[in-house]
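Note that ligands are numbered from 1 as they come in the structure, with each ligand's atoms numbered from 1 the same way.
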Amino acid sequence: MAELPANSAGVEVDRSLSTRVRVMLPLPLPEALDYLPPDGAMPPEPGRFVRVGLGSRRLIGVVWDAGDGEVPVERLRPVLDILPTPPLRPELRRFVERVAAYTLAPPGMVLRMAMSVEEALLPRAPRRVCAITPAGLAILDEEAGPGQKLTAARRRVLQALHDDGACSTAELARRAGCGAGVVRGLIAAGHIGEEWVSSEPSAAPIPDWDAAGPQLSADQAGAAHRLVERVAEGGFSVTVLDGVTGSGKTETYFAAIAAALAAGRQVLVLLPEIALGAQWLDRFKRRFGAMPAEWHSDVSQSARRDTWRAVANGQARIVVGARSALFLPFAELGLVVVDEEHDASYKQEDGVCYQARDMAVLRASIAKIPIILVSATPSLETVVNVSRDRYRRVHLPRRHAEASLPRIDLVDMRQQRVEAGRFLSPPLVTALGETLMAGEQVLLFLNRRGYAPLTLCRACGHRFQCPNCTAWLVEHRFTARLICHHCGYAAPVPALCPECMTAGTLVPCGPGVERLHEEVAARFPQARTALMVSDLLQGPRAAAELAEAMVEQRYDVLIGTQIVAKGHHFPMLTLVGVVDADLGLVGGDLRATERTYQLLQQVAGRAGRAERPGRVLLQTYMPDQPVMRALAAGDRDRFLAAEAEARRAAGLPPFGRLAALIVSAGDAEAADFAARALARAAPQLPGIAVLGPAAAPLAILRGRHRRRFLVKADRGANLQAVLRDWLARVRVSGSVRVQADIDPYSFL
Ligand code: ADP
Ligand code: ZN
């Protein structure tokens, strides 16, 4: 906008007051910034994607609302251009605001998740392709007759174009196996023409919601009916689909998906990243005859671009994805399903710290649509919400068909004699032998990657520590490296102890899956064993192939970490051995017992899913722990009641509120200085307790020194307001990061 003459400034400013717009940029800024409309144009409506200048940069942002007019108009810059992308719907803008307010993240950083693929915001440039002309067709026809007028290469080019359709010059030359000059010659001769075509991908096939599913059992049909009812009713509701592993929860919620698709609405299914396997996709495809759109870390950038656009323009009817799929720009979302809702991987721990299951409920409430939370072991939060009548519950109490739930026994390791360096107790070895004899399969579960969790020198006691973190390095024999599981640091295993320089003195301590694999191979040399560990499998396809091989019984024993616990269905698997059931209980995080219960119940659920009954052996040094007793007795409700009581007594979530503040800096002094400043300004309010600062258990992570505060509050307290106010009163230097984590899951 032109400079304003001083005498008319009042009037002019008044006019521009109503036309200035606030643009949210995907940056860690506290709020949206004011801009003027593009020169001579009307102000873009809220939701439009626009390009603006900031400093010397040009950025894409979203028009949020009308400007509030605090910055003098002379200092405002105009919007550079308005992109033709479909606008970000009010629903998604409100969602971004609410997530930011809840997590204390800058709204721009939440917006960034909603516009994560920048190429998706720009129309794809049209491509130039070659197509055969009528003259070209004619000459190709004549070729069939006598009197060859074309060289062999030219004929191949025309034939390829005729057979396989339009494509670029380079592609055509490649298809015909000749140089681009031949193609150019044909263009000059008028046998090939060039044209511009849009390069938007063609719409993916639409799932067939009318396709018949399997005949549902009475329980399943009843549950499906209630879910379909919610969809038909519309409006916001939360339903918990609670059923033991193998009860047919997936089949049941497929009915709700079919109903939503039939009603012309889009569907979002969230799965924990590691459960996003080919098994789920194949099942969906079998039922609905088309693939859903996928959204997770293994999806290529160009597929993401296409998916983002297809979701925004309504072509993609169903998306299955990991937590970040929540921020996709659905045009007409009608149903959300969160499978394995208890899974801790729904909690994002860095950047914007959010719990995707909880935010999915928020998104459904803003969109006024039903959401289904699915689990065999619902989280305590969800169970409490059911008891408070906030969520409805639909229950599937039995496994499908004849399958029964496996029998779970504890092996008291205090009573067992196990040789040094070996980890399988005699009862587990016996059960393994029996199962193999019967021609059935075994799953051994140990949630520890690598060969051994700790390597030390027998001569001097030296332990290998990560140079960037307060953590021991883990030996991985397959790759012959020592690896930090926190930051990824890796070094070769040295021949000599770096401390005392003795050779051959390094010894592994404790079990990892690779070491367990060695033990099984030594004890059962005839058994065909496989390892299922994320670091040895390249991507979800590899995991799917291994799962396939298990189903086809090409392996007898599968050894794995938690990647094996999720979703797999192996009909001939009848024995599950949990090598160290106590592993998840160490660490003192408030959900440790709950998580142990869920994980072990889920692993146990892999056994006996078809006709043959399954059994489960849990090796534990703490057989009297309530969680172990509950697992053995199959008494989930008693476990949940006891766990709820313990949390209520301690004022912990979901009966009280918690937040963590993590202060980190490149050097220890800066971190301590900032932590002390925060401590001095800590809120002193009734119902709020601030604990800390303390060095975090992972005191150094990726080279940053970390201090933690834990804030405990009554359930009714406005924790976010308290924290916002606290943080606003303390200035920290630029090298220090203060990260808030509302309702933390990790206490490291
Ligand atoms: P969950 O999700 O509760 O673990 P699934 O939906 O995976 O259970 O069902 C377990 C197994 O039983 C799957 O192989 C599924 O195909 C099969 N199944 C479940 N319900 C039916 C049904 N009504 N008819 C046929 N097969 C079924
Ligand atoms: Zn490290």
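Not a single N or O atom of Gly243, backbone or side chain, sits closer than 3.5 Å to an N or O atom of ligand 1. For ligand 1, one of its N or O atoms has an N or O atom of Gln215 under 3.5 Å away. Here's the thing with Pro214: none of its N/O atoms is less than 3.5 angstrom from an N/O atom of ligand 1.
The residue from Arg287, His400, Arg283 that puts a heavy atom closest to atom 13 (C) of ligand 1 is Arg283.
Between Phe284 and Val269, the closest side-chain pair of non-hydrogen atoms is not below 4.5 Å. Between Lys285 and Arg287 the shortest side-chain heavy-atom distance does not fall below 4.5 Å.
Between Phe478 and Tyr451, the distance from one ring center to the other does not fall under 6.0 angstrom.
Taking the Zn ion (ligand 2) as the corner point, the angle from Cys484 atom SG to Cys466 atom SG is about 110° (rounded to 10 degrees).
A salt bridge does not link Arg226 with Glu229: every distance from a Lys NZ or Arg NE/NH1/NH2 to an Asp or Glu carboxylate oxygen is 4.0 Å or more. Taking 4.0 Å as the cut-off between side-chain N and carboxylate O, Asp672 and Arg707 count as a salt-bridged pair. Residues Glu381 and Arg591 are paired through a salt bridge, judged by an N-O separation under 4.0 Å between the basic side chain and the carboxylate.
Within ligand 1, counting atoms from 1 as listed, the ones closer than 4.0 Å to a heavy atom of Gly248 are 1 (P), 3 (O), 5 (P), 6 (O), 8 (O), 9 (O), 19 (C).
Counting heavy atoms closer than 4.0 Å to ligand 1, residue His569 contributes side-chain atoms (C-beta onward) but none from N, CA, C or O. Here Val244 has backbone heavy atoms under 4.0 Å from ligand 1, and that is the only part of it that gets that close.
For the residue pair Gln220/His225, the side-chain donor-acceptor check at 3.5 Å is not satisfied.
Within the coordination shell of the Zn ion (ligand 2), defined by N, O or S atoms under 2.8 Å, Cys487 is present. Metal site remark for the Zn ion (ligand 2): Cys469 contributes an N, O or S atom at a distance under 2.8 Å.
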